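What you see is a predicted model; the values in this text were computed from it and never measured. These values consider heavy atoms only, across backbone and side chains, with no hydrogens, waters or symmetry-generated copies.
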Amino acid sequence: MTPLGAEIAALIRQTGPIGVDRYMALCLGHPVHGYYRTRDPLGVRGDFTTAPEISQMFGELIGAWSGYVHGLMGRPDPLVLVELGPGRGTLMADALRALRAAAPGVRVAPHLVETSPVLRAAQERALAGTGAIWHAEVETLPPGPSVVVANEFFDCLPVRQFERRPTGWHERQVGLGPAGGLAFGLSPEPTPGLEAAGPVGALMSVPTAGLALIRGLSQRLCAAGGALLAIDYGHVRPGFGDTLQALSGHSYADPLAAPGQADLTHHVDFAALAQAARVEGADVHGPVEQRDFLFALGLLARAERLQSRATEAQAPEIGRATARLTEPGVRGMGSLFKVLAVSGPGLGPLPGFPNT
């Protein structure tokens with residue numbers, strides 16, 4: 001058992017089983033043993049790869065999108081550009097380069113929300129000289145209009161899970177098995193107030209942390225103006241099923257096997273996020289598939305331009321990166337990943353989102 005696993009087991013023996021949301025929060029954010037507190041998870045030597053690490057084109061297009069939205073906002077000076085969970089800082093660095101190339105006079109104030117000391121160190125190296133400011137939480141971001149980018153952020157926010165039994169929806173919990181190891185179980189009593197229809201045996205995930213975050217951001221955008229761009233893997237219609245998963249060494253793993261040493265994620269419920277934003281009075285754009293969003297922003301033209309300047313060895317890599325970002329199914333990110341935007345009322349149609 002990992003050090004964090006032993007600590008969680010001791011907690012359960014003392015206080016009883018814990019919810020999936022608390023288990024996720026401990027695995028990812030424990031101050032000593034948390035997954036994101038102790039490592040750089042990205043790249044070949046890590047556990048997964050994100051779109052900004054696949055190609056500079058991804059961040060450049062996000063930068064171009066942000067610049068267009070800045071114009072819709074009336075060009076506040078400076079443009080407050082926020083990234084939630086910025087990885088190694090690659091996306092922000094590429095976005096800033098594209099923004100400043102397109103509008104040399106624009107002032108950009110980069111703000112990054114990051115809790116991992118390891119990743120923050122990488123971001124500081126990538127963004128040296130940009131004037132970037134770091135935050136441990138969204139609540140300390142400066143007031144006023146802003147563009148907020150969240151790439152593969154909502155998928156790692158804790159969720160609660162419930163299983164339908166004849167007596168109602170019982171919360172899924174992490175407890176101890178007969179041999180003393182961690183095991184999934186159900187609360188003995190149903191959770192009051194859950195009225196969703198579903199067959200016996202159905203598993204429902206409720207993204208409590210994600211809903212709270214998007215409500216707060218929607219309130220901010222409605223009051224001060226701006227837009228949120230959320231890119232993640234997930235589904236656009238409500239449904240049942242267990243999408244909680246662990247990633248280790250670019251392969252799926254048992255979520256309970258190595259607490260603190262594997263990434264824990266879930267498929268994002270874009271329908272729930274969109275509804276929460278609408279309730280707060282924000283305008284919702286999408287979700288659309290990542291491939292359609294990137295194509296609408298001019299990915300193919302950008303790839304062709306890069307290939308025309310590339311060496312003979314570099315050109316095929318650009319083609320492979322384009323395919324990985326846009327191909328559907330298991331081969332690429334094009335259809336699994338979705339893009340959702342939330343804006344203050346009346347900002348207008350946003351690039352990449354038809355009919356909004």
Side chain to side chain contact (heavy atoms under 4.5 Å, CB included) between Gln314 and Arg309, worked out: CA-CA 9 Å; Gln314 292 171 333; Arg309 300 176 177 180; over 6 Å; no

Is there a side chain to side chain contact (heavy atoms under 4.5 Å, CB included) between Leu228 and Ile214 once you walk through the steps? CA-CA 9 Å; Leu228 161 70; Ile214 204 163; 4.1 Å; yes

Find out whether [X] and [Y] are in side-chain contact, i.e. whether some heavy atom of one side chain is under 4.5 Å from a heavy atom of the other.
{"X": "Val80", "Y": "Leu141", "result": "no"}
{"X": "Leu347", "Y": "Met73", "result": "yes"}
{"X": "Leu273", "Y": "Leu211", "result": "yes"}
{"X": "Ile54", "Y": "Met333", "result": "yes"}
{"X": "Phe293", "Y": "Leu61", "result": "no"}
{"X": "Glu114", "Y": "Glu83", "result": "no"}
{"X": "Leu325", "Y": "Phe337", "result": "no"}
{"X": "Leu119", "Y": "Asp40", "result": "yes"}

Look at atom [atom1] of [X] and say whether more than 12 heavy atoms of other residues, nucleotides or ligands are closer to it than 6.0 Å.
{"X": "Glu139", "atom1": "CD", "answer": "yes"}
{"X": "Gln14", "atom1": "CD", "answer": "no"}
{"X": "Tyr68", "atom1": "OH", "answer": "no"}

Hphob cluster co-occupancy, [X] + [Y], side-chain heavy atoms under 4.5 angstrom:
{"X": "Val206", "Y": "Val279", "result": "no"}
{"X": "Met1", "Y": "Met24", "result": "no"}
{"X": "Val236", "Y": "Val268", "result": "no"}
{"X": "Leu186", "Y": "Ile18", "result": "no"}
{"X": "Leu182", "Y": "Tyr252", "result": "yes"}

Would you check if there is a donor-acceptor pair between the side chains of [Y] and [X] at a distance under 3.5 Å?
{"X": "Arg324", "Y": "Thr49", "answer": "no"}
{"X": "Glu171", "Y": "Thr191", "answer": "no"}
{"X": "His30", "Y": "Glu7", "answer": "yes"}

Spacing of [X] atom [atom1] and [Y] atom [atom2] [to the nearest 0.5 Å]:
{"X": "Asp155", "Y": "Ile231", "atom1": "CG", "atom2": "CD1", "result": "12.0 Å"}
{"X": "His266", "Y": "Leu157", "atom1": "NE2", "atom2": "CG", "result": "6.0 Å"}
{"X": "Phe240", "Y": "Arg164", "atom1": "CZ", "atom2": "CZ", "result": "8.5 Å"}
{"X": "Arg172", "Y": "Ser187", "atom1": "CZ", "atom2": "OG", "result": "12.5 Å"}
{"X": "Leu96", "Y": "Leu91", "atom1": "CG", "atom2": "CG", "result": "9.5 Å"}
{"X": "Leu264", "Y": "Leu256", "atom1": "CG", "atom2": "CG", "result": "8.5 Å"}

Flag, side chain of [X] to backbone of [Y], donor-acceptor distance under 3.5 Å:
{"X": "Arg160", "Y": "Arg22", "result": "no"}
{"X": "Ser146", "Y": "Gly226", "result": "no"}
{"X": "His267", "Y": "Tyr233", "result": "no"}
{"X": "Gln123", "Y": "Gly87", "result": "yes"}
{"X": "Ser248", "Y": "Ala262", "result": "no"}
{"X": "Gln307", "Y": "Ala315", "result": "yes"}
{"X": "Trp169", "Y": "Ala196", "result": "yes"}

Steps toward side chain to side chain contact (heavy atoms under 4.5 Å, CB included) verdict (Thr90, Phe58): CA-CA 10 Å; Thr90 306; Phe58 187 83; over 6 Å; no

Side-chain donor/acceptor pairs under 3.5 Å, residues 100-110, sequence neighbours excluded:
residue, atom, partner, partner atom, Å
Arg107, NE, Asp77, OD1, 2.9
Arg107, NH2, Asp77, OD1, 3.4

Out of Thr50, Leu127, Leu42, Val118, which one pairs with Arg88 under the side chain to side chain contact (heavy atoms under 4.5 Å, CB included) rule?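 Single side chain to side chain contact (heavy atoms under 4.5 Å, CB included) partner of Arg88 among Thr50, Leu127, Leu42, Val118: Leu42.
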
Evaluate Phe270 against Asp232 for side chain to side chain contact (heavy atoms under 4.5 Å, CB included), listing each step before the verdict. CA-CA 9 Å; Phe270 282 96; Asp232 230 310; 3.9 Å; yes

Should the ring pair His285 and Phe353 be called parallel, tilted or perpendicular, given that the plane angle runs from 0 to 90° and is split at 30 and 60? tilted

